[in-house]
Amino acid sequence: MDRFAEVDDQYDPHELEGRIFDYWDDVDAYEQTVEHRSDGETYFFVDGPPYTSGSAHMGTTWNKSLKDVYLRFLRMQGYDVTDRPGYDMHGLPIETRVEERLGFENKKDIEEFGEENFIQECKEYADEQLEGLQSDFQDFGVWMDWDDPYRTVSPEYMEAAWWGFSKAAERGLVEKGKRSISWCPRCETGLANNEVEYDDVEDPSIYVTFDLADRDGSVVIWTTTPWTIPANTFVAVDPEGEYVGVRAEKDGDEELLYIAEAKHEAVLKEGRYEDYEVVEELTGEEMTGWSYEHPLAEQVPDHVDGEGTLEVYAADYVDTHGDGTGLVHSAPGHGEEDFERGRELGFEPFCPVGEDGTYTEEGGTYAGQFVKDANEEIIADLESEGAMLASGATDHSYGHCWRCDTGIIQVVTDQWFITITDVKDELLDNIEDSEWHPDWARDNRFRDFVEDAPDWNVSRQRYWGIPLPVWTPEDRDDDQDRIVVGDREELAERVDQDIDPETVDLHKDTVDGLTITEGGTTYTRVPDVFDVWLDSSVASWGTLDFPADDSRFDELWPADLILEAHDQTRGWFWSQLGMGTAALGESPYEQVLMHGHALMPDGRAMSKSRDILIDPHEAIDRHGRDVMRLFLLSNNPQGDDMRFSWDGMQTMENHLRTLWNVFRFPLPYMRLDEFDPERTTLEEVDADLQPLDEWVLARLQSTKAEMTAELEEFRQDRALEALLEFVVEDVSRFYIQAVRERMWDEEDSASKRAAYATIYHVLRESVVLLAPYAPFASEEIYGVLTGESGHDTVHMEDWPEVEEYWEDDRLEVDVEHLRAIEEAGANARQQAGRKLRWPVPRVVVAADDDRVVEAVERHSDLLAERLNAREIELVSAEDRWEELAYSAEADMSKLGPAFGGRAGEVMNALNEARIDEPTLEALEAAVADVLEDDESAEQRSAEDASGDEPRAQLEESMVSFVTETPEEIAGTPFGFDGDDHGVVYVDASLTEDIESEGYAREVIRRVQEMRKELELDVEQRIVLDLEIGDDRVANLVAEREDLVREEVRADEIRDLEDGHRKEWDVEDVTMTIAVEPLAAVEASD
RNA sequence: GGGCCAAUAGCUCAAUUAGGUUGAGCGCCACUCUGAUAAGGUGGAGGCUCUCGGUUCAAAUCCGAGUUGGCCCA
């Protein structure tokens, strides 16, 4: 790209972005950038693998944009960054999608189709989905190693999972056992807690009486799952809870019921008892040991009936003030807490329910029925047994399978676990080794989660996953004798079959047939696959292809940074910590940046399934990639959710357009003057720099310092704000406005060269600062600024460092004051009705403090120029501007009571008084005659008070002072950050000389506009024809003819026959102006 | 049902890590400017800082209770 080449007038994101994509391709921009940092210090970033379903949504877009901005920043800081993207490709979500595609309903369909075929279908589907994500991410301008993503279905990656699991096994943290788990009866597999989603549903709500065996009466329990009653094993009470025995009456029958004291009224009301009487008060403790009869003993002949069962026991999960009755029906074959307590009590869990959710033969008369369908019959049976106290329905939230939305059931099955509860202390310690942004996420939410985490059930009874690398003896199904294989090499060595470790695929269809024979025993593989969360949990070494490739693990592991949304607290942040700790005893990551979710503009959560979403592709279509990124990156990433906003997008586009104009503006001048930034450097022009040049350079240093500090704190939003503030406010709206006249100077001058060098330096560094945020526009601008002299891509640049030489806090504060004064001056001018084009004879700055005085003294020339004032007068804080007078405004609510009937007169006197200083003494002196004249009031006052009360006096509270500026002068207070620092007064009186310049400038402005209408080049000479309808004004303009000619580049002023002619009305004076390019005039002459 | 986070102008967010007159950007309205022009400038309207209670001379800020939203857990 040529330096200072022509750039588009209009910022057109789509055309530009397309061009930059091609350019990156041509010069291998990404590859060069990576190579450029290959000798740098390593930085190990690990990409949290998105699940390969569908395309990128706004949340993943935000996530990847955040990753991209930090990876680019780190690279610019010199790091050799690991940027391998990853994809999570196994698991139930894909299985269910493929099942849908193939029209399957359950596992039997899969078995008939063939495991091998099904796995192949899943693989193809996952690959398809991956392509969509890959192209989306690249399209967003994210730079990661797209040619070589890690895929959880590759043999290297699956091996990484085996390795981690085998390490955990070596540490004694793997066991097989019975547990109560959430089970999806459709998918016929266990689910992890985080795979269960809760929805509100209506379920039965029944109160059941269990008749006591050795004594009169019955205990009352409540449940919403009647289908678990067949498996009832014991009833739990709170040993410290208060219970009552109630003699209750209904339809002439009397019953003795045992219920928690706190619940008995509510329960009896449910049961519609007519009358009742508390006959016994007792603690739960006293009830333990009571035995009762199973209410469905007849229907379920195989029901639990062992030693100690069907009795009342204490348990800590009972709440005598919560839902229910304070006595809890407990079935260790189902509920998790029931199971734990049952195990303590030594009860074998009884679970008469099969994998498909139907009762087994053990279920007695219910055998073959789906459990939830059996609810009705069970309720009917309980009623006919006389065990139903009340039966109704309730709305409550109930767990559902995250994939197929089937209601889950709690059952006890054999599963494989990583017993992370054995290393809970280590986990909690390891939390301390990671630094989180924001820190509360770690210390509150994450710590709570880890503290409560149960053992990790890693086995799933499914197909599309990493097979468990566990082989057990053919004839045993416990975990006492087992082989855990750690990698492919070991697999090849130990299995009976002949396999090639280089080429073997590790999926279920391949490894299921492999057997191991050792010590005369033949081992077969456990048929389960891993919970898909285990896949991504090993990403910190899977990313490195470890253990297959052990060349980088020691140097890089653990990860320096991971960056995901807050839902990953229970997901990937946790699973990685669990796996890292179980396998290696360490946290696998050192820093966590946790961002929020992308919400709809109205604050709702986005939901693809309900079609509530903003599609990133639409955002790009409307505003382009850079704008979308700027919008996303302008949001706080630390835990807060982001509301998407089209208005916000538009604002960012406006900012980027301003930025574009800033970069574009100086190019024609630099081109024209053949400015060479290599020769005309800042160092070279140092002596010629003017205060504003030094100021903008100082501001640049502050901006760099602020941005760097914010980015290092993971606040890219604040860093961006600082940059936009600098470019839009300081460079565009102030500096460029102020220096443009220097650039229009036709002569080569030291001042012009200084301005060029300054603005070049500022723009060149600013574009580098912008590059991580808006990589496309930055690239284009960088190319134009650097031509052949820069890197091939802006993204190879070093992150700009603060140059102490140019730092200048004093100057920054000075200019801050000057800008405040200028702003107030503009206001005062408007009040006085004097445009900026018209000079004013003087501006008076009345300062409140010495800091303002210093600033104005140092830069009064600049201030005069900015305010177009012939003179600046400074009044220090100690002095008063003598031309100023004060009057007083009366507060009648105070004045009235004090002066009575004379108050009106006093008020008028106050308002008319003009005093030189705003003091009560001066005011009293000014209105003395009115006050002293007040004989009658004095007398009346004295008489009324019948004492020696003094006559009415003016007090501070009665008046407020108002400044009265002289005619032709307007004043406005100035200040910043909410503090006033003084007042600026603009003297707008007219002189002939001022009118002369004012009218001349009016003419110039109109000629410029006409030049523009003719689309003349900046340097095009013209001939000007000027007819002014008022002789006085014509003479005034004539006095400034030289100025007019120079400004509009007119070689002559004379009558023209043709030319571009227009009539103007200037302050009620008619002016006819004609313009013709010089060449055209000569040709026609 | 429990935990965490948020709630301030029409919108997006600030309010200087332990209280001291609520601010900015965008949007809106009016005026203005015009060789960056789909810009720029000046002014204006717009707030019971979610509600209720408490601590304090003083609360957007601290404490308690609730409401709404988001995430997590059961």
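Throughout, protein chains are lettered first and strands after them, A, B, ... in sequence-line order, and every chain is numbered starting at 1. Below, each value reflects all heavy atoms present in this structure, side chains not excepted, and no hydrogens, waters or symmetry copies.
- Ranking B/C71, B/A36, B/C26 by closeness to the A/T651 side chain, first place goes to B/C26.
- Nucleotide B/G41 holds its P atom 4 Å from the CZ atom of A/R733, rounded to whole Å.
- Within the structure, every side-chain polar atom (N or O) of A/R657 is placed at least 4.0 Å from both OP1 and OP2 of B/A39.
- Taking atom C1' in both B/U12 and B/G53, one finds a spacing of 32 Å when rounded to whole Å.
- Phosphate contact (OP1/OP2 of B/A36, side-chain N/O of A/R740, threshold under 4.0 Å): present.
- Heavy atoms of A/E721 sit nowhere under 4.0 angstrom from any nucleic acid atom.
- A/L836 comes within 4.0 angstrom of no nucleic acid atom, judged by non-hydrogen atoms across all strands.
- Figure legend: cation-pi geometry between A/R341 and A/Y317 absent, as NZ or CZ is not positioned both under 6.0 Å from the six-membered ring centre and within 45° of its axis.
- Applying the 90° cutoff around 0 to the glycosidic angle, B/A7 is assigned anti.
- Across B/G70 and B/G25, the matching C1' atoms stand 25 Å from one another, rounded to whole Å.
- Using a cut-off of 4.0 Å between Lys/Arg side-chain N and Asp/Glu carboxylate O, A/R819 and A/E823 are scored as not salt-bridged.
- Taking only side-chain nitrogens and oxygens, A/K835 never comes nearer than 4.0 Å to OP1 or OP2 of B/U32.
- In a base pair of the Watson-Crick type (N1 to N3 plus N6-O4 or O6-N4) or a G-U wobble (N1-O2 and O6-N3), with each distance short of 3.5 Å, B/G46 is matched with no nucleotide.
- Under the rule for a salt bridge (Lys or Arg N to Asp or Glu O under 4.0 Å), A/R740 has no partner lying at least two apart in sequence or in another chain.
- Partners of A/D673 according to the salt bridge (Lys or Arg N to Asp or Glu O under 4.0 Å) rule, which considers only residues two or more places apart in sequence or in another chain, are A/K752.
- Comparing the C1' positions of B/C50 and B/A6 gives a spacing of 11 Å, expressed to the nearest Å.
- The phosphate of B/G43 (OP1 or OP2) has a side-chain N or O of A/N827 nearer than 4.0 angstrom.
- Of the listed nucleotides (B/G43, B/G41, B/A36), B/A36 has the atom at the smallest distance from the side chain of A/N661.
- The base-pairing partner of B/A65, taking Watson-Crick or G-U wobble contacts with both distances under 3.5 Å, is B/U51.
- B/U32 and B/G20 have their C1' atoms separated by 39 Å, with the value rounded to a whole Å.
- Atoms NE2 (A/H595) and P (B/C5) sit 19 Å apart, rounded to a whole Å.
- Nucleotides B/A60 and B/A39 place their P atoms 38 Å apart, quoted to the nearest Å.
- Evaluation of atom-type donor-acceptor distances gives a pair under 3.5 Å for the side chain of A/S732 against the base of B/A36.
- At a threshold of 4.0 Å, the pair A/E1013-A/K1062 counts as salt-bridged, since one of the basic side-chain nitrogens sits closer than that to a carboxylate oxygen.
- Straight-line distance from the CE atom of A/M652 to the C1' atom of B/U12: 10 Å, rounded to whole Å.
- Between B/U12 and A/R643, a contact under 4.0 Å exists linking OP1 or OP2 to a side-chain N or O.
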